[in-house]
Every structure is written in C-alpha cells, then in structure tokens.
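So you know, we letter chains A, B, ... as the sequences are listed, proteins then strands, and number each from 1. Side-chain atoms are counted along with the backbone in the values below, which use heavy atoms only and exclude waters and symmetry mates. Given the structure is predicted, the values throughout are model-derived calculations rather than measurements.
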Amino acid sequence: MLDINLFRNQPDTVRASLKARRFAEPQAVDRVLELDSQRRSLLTEAEKLKAERNAASKAISQIKDAAEKQAKIAEQKGLGEKIAALDEQVRQVEADLEALLSGIPNVLDARVPDGEDDAQNVVIKTVGEPKQFPFEPKPHWDLGTSLGIINFEQGVKLTGSRFYVLHGAGARLQRALIAFMLDLHTRRQGYSEAYTPFIVKGETVYGAGQLPKFKDNLYRDAEEDLYMVPTAEVPLTCIHRDEIVDAASLPFRYSAYTPCFRREKVAAGRDVRGIKRGHQFDKVEMYSFTLPEESDNELERMREDAEQTCAELGLTYRVKQLCSGDVGFCARMTYDIEVWAPGQNEWLEVSSVSNCGDFQARRANVRFRRSREAGAKPEFLHTLNGSGLGLPRTMIAIMENYQQADGSIVVPEPLRLWMGGIDVIR
RNA sequence: GGAGGGAUGGCUGAGUGGUCGAAAGCGGCGGUCUUGAAAACCGUUGUGGGGCCUUGCCUCACCGGGGGUUCGAAUCCCUCUCCCUCCGCCA
C-alpha cells in the first residue's frame, strides 16, 4: 500500500513508476486523487453535523426543566439519520479508495533499469563457469528416476500433476539442504530462526501484499476461510502486525523454513518436466525489518547472504537486477540469483531478494518509534525478503552439477554432516 | 463438543446511559534536589482522520471486531472473534 500523501504531493512520481512498470491502468492515479477529494469533502460535512450533535447532547444533559428538555430532544431527532447517510457515503468512498490503492504496486527505486519484461533484466555479475563434462550431462528427471530418489507417478497418483514423491537419499538431500541453510542463516549470518503456521488468515496474506491481487494463485480452505502460505514471507511479514517497536531493537532478522503452496496457473506445457515448478515446494526464507534509512544496505547484505549459500554449495551462479517491467508488486528493487543447471542447460532462478520499503509495513501496520520521548510519532519501518534458496531448484542444480558418468551424484561437502554417511548417491 | 467467566491506554485495574479519551497505580519521558545515582517531589505521557491564521489550535472517530437502540453508548441489545476455568473427546 502506498501512502495517500504520495499521491497528493508527488502524483508524477507515482505515474512515472506505474508507466515504467507497464502497469495496465495508469489512470488509477487520477482516480485515487478524485476519490480522495470526495472523501475529504464528505468527511468535512459529516463531522460538522457530528460536532453539532455532540454540542446539542451536551446541552440537553444540562437542562433541568423536563418540558424544555423534551423540546430540545425533539429538535435533535432526525439529525442522526442525516449523519448515518453521510457516514454510509464516506464508507463507500473509502472502500472504493482502499480497493483501488491495494491494487497499485510499490513505487520503484530510481536505480531500477527500464525494461519491458524478464528478457531485459540486467546480469550484474556471474560467479564461476558453467561446468564442463567429459560426457553428456543428464537432466535431473532422468537422474532422479534412475536412482529411484524422485517418483513422479506417485505424486500424480496421490494428488495430480506437478506433484512428486522424494525417496531415500533424495528426501534426505532436501532435508540436509534445509538444515544447512537454516544453520548458515542463523549461526553465521545473524538471522533468528522462526517456525510459523503454514495456514493463515486472509488479513495476513493481505498484509504481505498477496491479496487481493494474487488470489488466484493461492490455495484456500473455504470452510475456515484460511489460506495456505505461498511463501514464508507471508507469515513473517505479519509477525509484528499492529505493533510499535523500539528503534533500538531493530533490525529484526528472521529465517524460516516452510513449504510453499501455489496454484501456479501458468501455461499448461511450461516447465512440466521435473521438479522445477510444482504446486508444493519447500523454501528457506530470509526476512528483515529495518529502519527506513537502512533498507538499501540491508538489501545488499541479504543478496550477499543468498550468494554465500550458492557459493558454499559450489554452484555456478549469476546475479540479475530486475528491470522495471519485472519487479514484483510489493518491491521497490529486486535481485534474482540464478544457478546453472547443466542437464537442462539453463539458468534456474533460486532466489529473489527484494526491498519492499514501507509498502508491506503500511499494509500490516508495523511501526517503530525513533525515541521514547513524549510526542515522538510512530513511523512505518521497512521490510525485505529473500529466498535463502528455493529447494527444488537447488536440488536440481546439485543433482545436475554433481552427477558422474555412471549416473551417481556426489554429495557436496557442506551437506554431508546431515547425510548419514552418504557421500555419493548411487 | 457441553457448561460457565472474561476482553478498557505500554502494563495492572476502576467505570452510575449525559463535560469519560476515560479514575488510580506502575512503567516511560522531562525537570527539581544530588559530586553522580537512587529515593522523594513536580510536570508530562495513546492512535488515526479532517480543517485552519500549520510546530500550535480546533474538530471527528477509536474502551476486542461488526451491527443495533438512543437527542446522547465504554456503559443497554444482537452477532462474531479471541482468552480463562470445568467436563467430554483426541494425535
């Protein structure tokens, strides 16, 4: 959610950002201003009548003479209905304004390069070289099925397409990755480990900016009106909802493992093979709450933390800065990290690190106070999120990069602690 | 699932349908005192919206959420949510 004052004071900033994003309804800015001015004139009118009513009520309470009192009360009859009618109009305008505002994306950071879509994202660095093999490297779906560690048929049997079952060393490899990442984030990178509910209320999803806009991508339990989390970012954003925290206690840094559930209504034939794009996948997430002036640095820090994860796993990766047409709804600026998958012969997005500024904090109402002195006003803090790597794609990269000519897979050194003596999956 | 009890400011906790945005205490902040600190004392201390002769003042709303009764609601009614106690069931 953007600050209404931004529309009042700098409408051109918002217009320019929407244009750069290729936002479908750029006229939304004018509609916001129109509703805002309607709201204010209705409020002025309603409040004038309320002040009148309050004064009259106060006067009535002072009147001793019964007849005089009754006369004054009779005089006031009907005022309530006028007020109620105006209040109803205010409610309507506010609901319209809210609906409109909640669908307008965050204003981009000035440093975001202009571009139409993901084809114009800018590679800012590449670390390592795509690995060369003395044999033809296989895609992970071949490796996984022949080793018996990924079973696609069973996933379809249990649930449907885009689900799978991991077995034996495959399931264990994923568990090792989760443990490795959580330990890295919490013991060496300064995050605090969190375990959150995987099913949350609509207002929690709204706070993180996924509702109302991305309703179609969410799994929902109609009976209880609850949503399955599409990412840990959703519960983590709302951990401090409606709180005012001390500036001195910031930043808050969290790392959480959760499964993620997404309908992923993408084109039917896209990414169907393998475990690249499922309706359920696991992820370890990093999340920070910072002072406004510190979020730019925090974004770089989190990007480095995600890079470190790739580097320690010995994966070749590259960092992209997303162009204006591809930055997500809540974000001001985003880096994607992609790892090289030699079997599929493509770069896989394993992490996306974003600075959301105060956009989510405003929705979730998370604030801080700069000092404890009386009169110090609460301000919205900034939120950032980053994948500490999506697990299926990290699995793909490990399987394809560490494969050997005989179809076996070497377990990367940092994961062996959790592999129960398995150094090579065969 | 059944039966009761509750939800008030950062916290504890009063509150008769009418100067109640709300007593009191604690805490926070500022000050006096002190070499300094503590204690004591004094003052101050919620959030959001709107207006203006815009750093101060006026005004509206907010006592778990929503709705209603009334000239007027923290207070009365309905409803939802959450919490507590007891019984039952249960991984």
Between P on B/C82 and CD on A/Glu203, what's the gap in Å once rounded to a whole number? 11 Å

If we take the P atom in both B/G17 and B/C77, what is their distance in whole Å? 11 Å

Could you state the atom-to-atom distance from CG of A/Asn54 to P of B/G17 in whole Å? 20 Å

Would you say B/G50 has OP1 or OP2 under 4.0 Å from some side-chain N or O of A/Lys48? no

Rounded to the Å, how far apart are A/Leu43 CG and B/G48 P? 16 Å

Among B/U70, B/G48, B/G72, the one nearest any side-chain atom of A/Arg53 is B/G72

Side chain of A/Ser57 only, heavy atoms from C-beta on: which candidate in B/U59, B/G46, B/G72 is closest? B/G72

Does A/Arg369 make a side-chain N or O approach to OP1 or OP2 of B/U47 shorter than 4.0 Å? yes

Whole angstroms only, please: what is the CG-C1' distance between A/Asn5 and B/G49? 11 Å

Can you tell me, in whole Å, how much space there is between the P of B/C89 and that of B/U75? 40 Å

P atom, B/G13 versus B/C20: distance in rounded Å? 24 Å

Regarding the side chain of A/Ile60, the nearest nucleotide among B/U47, B/C71, B/G49 is B/C71

So if I take every side-chain heavy atom of A/Ser61 and compare against B/G18, B/U70, B/C60, which nucleotide ends up nearest? B/G18

Can you tell me how far C1' of B/G27 sits from CG of A/Asp246, to the nearest Å? 13 Å

Closest to the A/Pro378 side chain, choosing from B/G49, B/G48, B/C60: B/G48

Between B/U47 and A/Arg367, is there an OP1 or OP2 to side-chain N/O distance shorter than 4.0 Å? no

Identify the nucleotide, in any strand shown, that forms a Watson-Crick or G-U wobble pair with B/A37, with both distances under 3.5 Å; if there is none, say none. none

Are a donor atom and an acceptor atom from the side chains of A/Gln154 and A/His167 found within less than 3.5 Å of each other? yes

Whole angstroms only, please: what is the NZ-P distance between A/Lys58 and B/U19? 8 Å

Any chance you could measure A/Leu108, atom CG, to A/Asp114, atom CG, to the nearest 0.5 Å? 9.5 Å

For B/G46 and B/G9, measure between their P atoms and round to the nearest Å. 14 Å

For B/U47 versus B/C33, give the span between their C1' atoms, rounded off to a whole number of Å. 36 Å

Using modelled atom types and a 3.5 Å cut-off, is there a donor and acceptor pairing between side-chain atoms of A/Ser255 and backbone atoms of A/Glu285? yes

Are the side chain of A/Arg370 and the backbone of A/Ala247 linked by a donor-acceptor contact shorter than 3.5 Å? no

Suppose you measure atom C1' in B/A7 against the same atom in B/C60; what distance do you get, rounded to whole Å? 26 Å

Counterpart base for B/G46, defined by Watson-Crick or G-U wobble contacts under 3.5 Å: B/C62

Starting at atom CG of A/Asp87, determine the distance to atom P of B/G66, rounded to an integer number of angstrom. 13 Å

Please confirm whether A/Phe198 and A/Phe261 have ring centers closer than 6.0 angstrom. no

Select one nucleotide: of B/C71, B/G50, B/U47, the one nearest the side-chain heavy atoms of A/Arg8. B/G50

N or O in side chain of A/Arg40 less than 4.0 angstrom from B/G49 OP1/OP2: no

Please report the distance separating the P of B/G67 from the corresponding atom of B/G51, rounded so that it comes out in whole Å. 24 Å

Looking at B/C90, which nucleotide sits across from it as a Watson-Crick or G-U wobble partner, both distances under 3.5 angstrom, or is there none? none

Gap between atoms CD and P, on A/Gln38 and B/G50 respectively (whole Å): 15 Å

Would you say the side chains of A/Asp336 and A/Ser352 form a donor-acceptor pair under 3.5 Å? yes

Measuring only the P atom in each nucleotide, how far is B/U79 from B/C62? A whole number of Å is fine. 22 Å

Assess whether atom CD of A/Glu293 is packed by more than 12 heavy atoms of other residues, nucleotides or ligands within 6.0 Å. yes

Can you tell which of B/G67, B/C60, B/U70 lies closest to the side chain of A/Lys77? B/U70

Taking any heavy-atom pair under 4.0 Å as a contact, classify A/Ala56: base, sugar-phosphate, or nothing. nothing

Base, sugar-phosphate, or nothing: which does A/Glu47 touch, judged by heavy atoms less than 4.0 Å apart? base

